[in-house]
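Notes follow the structure.
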Amino acid sequence: MSGFSAAFTTDFLISFAVVAVILIMLGLIFNLYSELSNIKTRYKRMMSGAEGSSIEQMLATHTRDVNEAVNEYRKLENRLNTLEELVRSSLARVAVIHFDAFEKTGQGLSWCVAILDRNNNGVIFSSICGQETERSYVKPIEDGRVSEKYKLTREEEQALKKAMIL
């Protein structure tokens with residue numbers, strides 16, 4: 001009987017080990033099923049979005065919003081470039097020089113004004129005052145220089161240099 005008892009004990013231990021392994025496996029399967037159920041619930045909640053819309057709908061909406069923002073940015077950039085060009089071509093630099101054109105007249109009644117844009121294009125107005133007469137002149141300026149058919153006086157050159165520094 002001792003052989004029967006040893007075989008019974010070995011078979012019993014093997015059966016017990018198999019049952020224990022099966023129970024452990026069932027526990028693991030139940031745990032995995034529980035985690036999978038939790039993940040499915042979270043996935044459904046995520047896919048439904050905050051306002052009942054799906055992630056795909058939200059992504060499409062955000063993509064459309066980004067495209068609209070990019071188009072608006074491009075329009076603003078074009079407007080900014082136009083305004084910058086307008087500012088560059090607007091008259092922004094002004095210099096005035098008073099002087100005595102003739103000795104003995106005094107009081108600095110003669111004057112010249114240089115008016116330039118940011119590209120150093122513009123005009124120089126001059127007025128030479130004497131005791132009995134007054135003469136006015138206008139000379140165009142391009143790129144900080146007067147045309148070859150005009151000559152600048154010393155005072156006009158001073159006004160031009162002063163305006164170009166501003």
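Along the sequence shown, residues carry numbers from 1. Quick caveat: nothing in here was measured; it's all calculated off a predicted structure.
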Side chains of L109 and F99: does their closest heavy-atom pair fall under 4.5 Å?
no
How far does CZ of F125 sit from OG of S136, to the nearest 0.5 angstrom?
10.0 Å
For atom CD of E142, is the number of surrounding heavy atoms from other residues, nucleotides or ligands below 6.0 Å larger than 12?
no
Are the side chain of E156 and the backbone of T153 linked by a donor-acceptor contact shorter than 3.5 Å?
yes
Working note: T82 + L86, criterion side-chain contact (heavy atoms from CB on, under 4.5 Å); need CA distance, chi angles, decisive distance, verdict.
CA-CA 6 Å; T82 301; L86 181 63; 5.6 Å; no
Please determine whether residues I141 and V123 belong to a single hydrophobic cluster, defined as Ile, Leu, Val, Met, Phe, Trp and Tyr linked transitively by side-chain heavy-atom distances below 4.5 Å.
no
Does any N or O in the side chain of T61 come within less than 3.5 Å of the main-chain N or O of Q57, such that one atom is a donor and the other an acceptor?
yes
Looking at residues at least two apart in the chain, or sitting in another chain, which of them share a side-chain contact (heavy atoms from CB on, under 4.5 Å) with E35?
N31
Got a list of side-chain donor-acceptor pairs under 3.5 Å for residues 114-122, not counting sequence neighbours?
{"from": "D117", "atom 1": "OD1", "to": "N119", "atom 2": "N", "distance (Å)": "2.9"}
{"from": "D117", "atom 1": "OD1", "to": "N120", "atom 2": "N", "distance (Å)": "3.0"}
{"from": "D117", "atom 1": "OD1", "to": "N121", "atom 2": "N", "distance (Å)": "2.8"}
{"from": "N119", "atom 1": "OD1", "to": "R88", "atom 2": "NE", "distance (Å)": "3.2"}
{"from": "N119", "atom 1": "OD1", "to": "R88", "atom 2": "NH2", "distance (Å)": "2.7"}
{"from": "N120", "atom 1": "OD1", "to": "R93", "atom 2": "NH1", "distance (Å)": "2.7"}
{"from": "N121", "atom 1": "OD1", "to": "D143", "atom 2": "N", "distance (Å)": "2.7"}

State whether the side chain of K139 and the backbone N or O of K151 hold a donor-acceptor pair below 3.5 Å, judged by distance alone.
yes
Do Y150 and Y137 have side-chain heavy atoms sitting under 4.5 Å apart?
no
Which value, rounded to the nearest 0.5 Å, describes the distance between K162 atom NZ and E157 atom CD?
15.5 Å
Quick one: CG on L32 to CD1 on I39, what's the gap to the nearest 0.5 Å?
9.5 Å
Joint cluster assignment, M58 & Y43, ILVMFWY side-chain distance < 4.5 Å:
yes
Same cluster (ILVMFWY, side-chain, under 4.5 Å), V96 and L160
no
With side chains defined as the heavy atoms from C-beta onward, is the minimum distance between E134 and S127 less than 4.5 Å?
yes
Rounded to the nearest 0.5 Å, what separation is found between the CZ atom of R154 and the CD1 atom of I97?
10.5 Å
Using atom types as modelled, flag every donor-acceptor pair under 3.5 Å from a side chain in residues 67-75 to any protein atom, sequence neighbours excluded.
{"from": "N67", "atom 1": "ND2", "to": "T63", "atom 2": "O", "distance (Å)": "3.4"}
{"from": "N71", "atom 1": "ND2", "to": "N67", "atom 2": "O", "distance (Å)": "3.4"}

Would a distance-only check, ignoring hydrogens and angles, find a side-chain to backbone donor-acceptor pair under 3.5 Å from S110 to C129?
yes
Main chain of V87, side chain of S90: is a donor-acceptor contact present, judged purely on distance under 3.5 Å?
yes
In this structure, CG of L152 is separated from CD of Q158 (nearest 0.5 Å) by 11.5 Å
Contact check, side chains of T10 and I14, non-hydrogen atoms, under 4.5 Å
yes
Answer yes or no: is there a side-chain heavy-atom contact under 4.5 Å between V138 and I124?
no
